[in-house]
Amino acid sequence: MKIATFNINGIKARIEALPAWLDEATPDVAILQEIKSVDEAFPAEIFEERGYNVATHGQKSFNGVAILSKRPLEDVTRGLPGDDSDEQARWIEATVMGDTHPLRLCGLYLPNGNPAPGPKYDYKLAWMERLLKRAETLLAEETPFLMAGDYNIIPQAEDAAKPDSWRDDALFRLESRTAFRKLINLGLTEAFRARTQGPGHYSFWDYQAGAWNRNNGIRIDHFLLCPQVADMLQDCQIDMEVRGRDKPSDHVPVWVELAA
DNA sequence: ATGTCTCGGCTCCCGAGA
């Protein structure tokens with residue numbers, strides 16, 4: 001089963017580029033972030049006619065996550081547990097049947113957190129605490145799961161072309177990386193780094209300052225796999241060439257191939 | 001390089017967020 005994550009930066013703006021990539025990459029599941037659309041306005045038909053089931057959790061203007069799946073989506077839940085007052089649409093879960101086991105899919109758009117320090121950064125760290133608790137719960141339930149999306153975290157210096165310029169940024173400051181490391185230390189596997197070592201692998205290039213042409217990128221879109229799913233990992237790749245196409249998102253798709 | 005893109009208000013530009 002091929003599962004991709006892709007921050008599309010607006011479904012309306014990506015109404016041609018997203019289907020084009022789906023037709024070519026043919027993932028079984030696409031976990032999307034920043035749909036920037038309310039659920040009623042999401043153009044589900046475009047994906048349904050390609051054989052995808054569609055589950056969205058959107059809001060007006062900002063954020064918003066979705067799951068497209070060729071296998072039926074069951075037990076869809078929306079919103080990250082732990083704060084009923086949180087109105088930002090950043091989390092969606094659904095179950096798909098693998099060849100042998102059910103697989104719980106978690107799609108996330110982790111808060112950016114800038115400027116740091118400040119209230120937006122406090123919200124990011126609090127959100128990551130809730131994410132840690134959700135991962136602990138899923139591990140305790142022993143249901144195979146993965147968590148995929150835009151983590152807005154640069155895990156290590158090698159994941160940025162210019163790490164020094166990110167030193168005090170919410171995506172890279174020590175507290176952010178420590179919170180991400182806590183997740184890993186629960187026993188989760190970061191899929192890309194389980195397969196590929198070394199610098200120069202990025203999933204985001206800013207629209208500004210010719211970042212793409214200078215390859216001034218960062219790697220912030222990740223898959224975290226529970227132990228059972230880590231055992232099924234066959235491949236993990238970044239479709240970086242997508243960034244060079246017409247009307248691109250500032251992120252590119254990252255995908256895993258699972259023996260499931 | 002002060003370098004871009006997206007969304008929405010109620011639009012013929014601007015602020016906010018990234």
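Each chain gets a letter, A, B and so on, in the order its sequence line appears, and its residues count up from 1. Side chains included, hydrogens not; waters and symmetry mates left out as well; all remaining heavy atoms used.
- Nearest-nucleotide positions on DNA chain B for A/Lys12 and A/Phe62 put A/Lys12 closer to the 5' end.
- Remark: the A/Asp39 side chain and the A/Thr56 side chain contain an N/O donor-acceptor pair separated by less than 3.5 Å.
- For the OP1/OP2 pair of B/dT6 and a distance below 4.0 Å, the side-chain nitrogens and oxygens of A/Arg14 include at least one atom meeting the criterion.
- When rounded to the nearest whole Å, the span between CD of A/Gln33 and P of B/dC5 equals 21 Å.
- What separates CD1 of A/Ile11 from P of B/dC7 is a distance of 10 Å, to the nearest Å.
- Place A/Asp250 and A/Ala209 on DNA chain B by their nearest nucleotides, and A/Ala209 ends up nearer the 5' end.
- Among all heavy-atom pairs drawn from A/Ile238 and A/Ser203, the shortest one is CG2-CA, 4.4 Å.
- Counting any heavy atom pair closer than 4.0 Å across all strands shown, A/Tyr109 reaches sugar-phosphate atoms only and no base atom.
- Checking A/Asn9 against A/Lys36 by side-chain atom types alone, a donor-acceptor pair falls below 3.5 Å.
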### Task
Just do the side chain to side chain contact (heavy atoms under 4.5 Å, CB included) check on A/Ser176 and A/Leu171 with the steps written out, would you?
CA-CA 7 Å; A/Ser176 303; A/Leu171 278 61; over 6 Å; no
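- The interatomic distance linking A/Asn114 (CG) with B/dG17 (P) rounds to 12 Å, in whole Å.
- Of the candidates B/dC7, B/dT6, B/dA18, the closest approach to any side-chain atom of A/Asn112 belongs to B/dA18.
- Between the P atom of B/dC5 and the CD1 atom of A/Ile8 lies a distance of 17 Å, rounded to the nearest Å.
- The nearest whole Å value for the distance from the CG atom in A/Asn63 to the C1' atom in B/dG8 is 15 Å.
- The side chain of A/Ser61 has B/dC7 as its nearest neighbour among B/dC5, B/dA18, B/dC7.
- Residue A/Lys60 has its side chain nearest to B/dG9 when only B/dG3, B/dA18, B/dG9 are considered.
- As rounded to the nearest Å, B/dC10 and B/dG15 have C1' atoms that lie 14 Å from one another.
- A donor-acceptor pair shorter than 3.5 Å cannot be found between the side chains of A/Glu257 and A/Trp255.
- Note: CG (A/Asn7) to P (B/dC7) measures 12 Å, nearest angstrom.
- In this structure, A/Asp206 atom CG and B/dC5 atom P are separated by 10 Å, rounded to whole Å.
- Proximity of A/Lys36 to the phosphate of B/dG17: no side-chain N or O atom is located under 4.0 Å from OP1 or OP2.
- Atoms CD (A/Gln88) and C1' (B/dA18) sit 13 Å apart, rounded to a whole Å.
- B/dT11 and B/dT6 have their C1' atoms separated by 15 Å, given to the nearest Å.
- Across the C1' atoms, B/dG3 and B/dA18 are found 16 Å apart, a figure rounded to whole Å.
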